[in-house]
Amino acid sequence: MQEISVDELARWRSEQKAFVLLDVREPHELTLASLDGATHVPMRDLPARLNELDKDAEIAVLCHHGGRSAQVARFLTQHGFANVYNVDGGINEYATRIDPSIPTYR
């Protein structure tokens, strides 16, 4: 598993790089804060929905602070996904450092 900073994620987004932003937070968390264009698959649903993801795509995994996304990134890597990145600091860090218009929450 690789790590990606929120700065790098912002650069990927601004450059319109081809990648999947996989948000693994719970549905109620999306109502509090989200990033446009993200694919939402809650962490608990991922094993049953694994076939929805392209094993060849670059995938940046996002959660609230980076803990759940790190677990998911490891899971994906163990299941043959080669280009997986954990977004270090999650959406909270993204909101704090990159886009303060995104609300933070506990």
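Here the CD-OG1 distance, from Gln2 to Thr77, works out to 8.0 Å after rounding to the nearest 0.5 Å. To the nearest 0.5 Å, atom CG of residue Leu30 and atom CG of residue Leu35 are 10.0 Å apart. Glu93 contributes atom CD, which lies 8.0 Å from atom CG of Asp7 (distance to the nearest 0.5 angstrom). The line from OG of Ser5 to CZ of Arg97 is 7.0 Å long, rounded to the nearest 0.5 Å. Between the CZ atom in Arg13 and the CD1 atom in Ile98 there is a gap of 10.5 Å [rounded to 0.5 Å]. Atom CG of Asp88 is separated from atom OG of Ser69 by 8.5 Å, given to the nearest 0.5 angstrom.
Here the closest heavy-atom approach between residue Ala38 and residue Asp23 is recorded as CB-CB, 4.2 Å.
Salt bridge status for Arg68 with Glu29: present, with a side-chain N to carboxylate O gap under 4.0 Å.
Trp12 and Phe19 have perpendicular rings, their planes meeting at more than 60° on a 0 to 90° scale where under 30° would count as parallel.
In the model, Thr104 has no side-chain atom that pairs as donor or acceptor with a side-chain atom of Asn92 under 3.5 Å.
The main-chain N or O of Glu58 is never found under 3.5 Å from a side-chain atom of Asn83 such that the two would form a donor-acceptor pair. A donor-acceptor contact shorter than 3.5 Å is absent between the side chain of Lys17 and the backbone of Leu9. Side-chain atoms of His64 come within 3.5 Å of backbone atoms of Tyr105 as a donor-acceptor pair (strictly under, hydrogens ignored). The backbone N or O of Ala33 lies less than 3.5 Å from a partner atom in the side chain of Arg25, making a donor-acceptor pair.
Only one option out of Arg74, Gln71, Glu3 pairs with Asn86 in a side-chain hydrogen bond (donor to acceptor under 3.5 Å, both in side chains); it is Glu3.
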Residue pair Leu62, Leu21: steps toward the side-chain contact (heavy atoms from CB on, under 4.5 Å) verdict: CA-CA 7 Å; Leu62 179 75; Leu21 178 58; 4.1 Å; yes
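Side-chain contact between Val41 and Val24 is absent, with no heavy atoms from C-beta onward closer than 4.5 Å.
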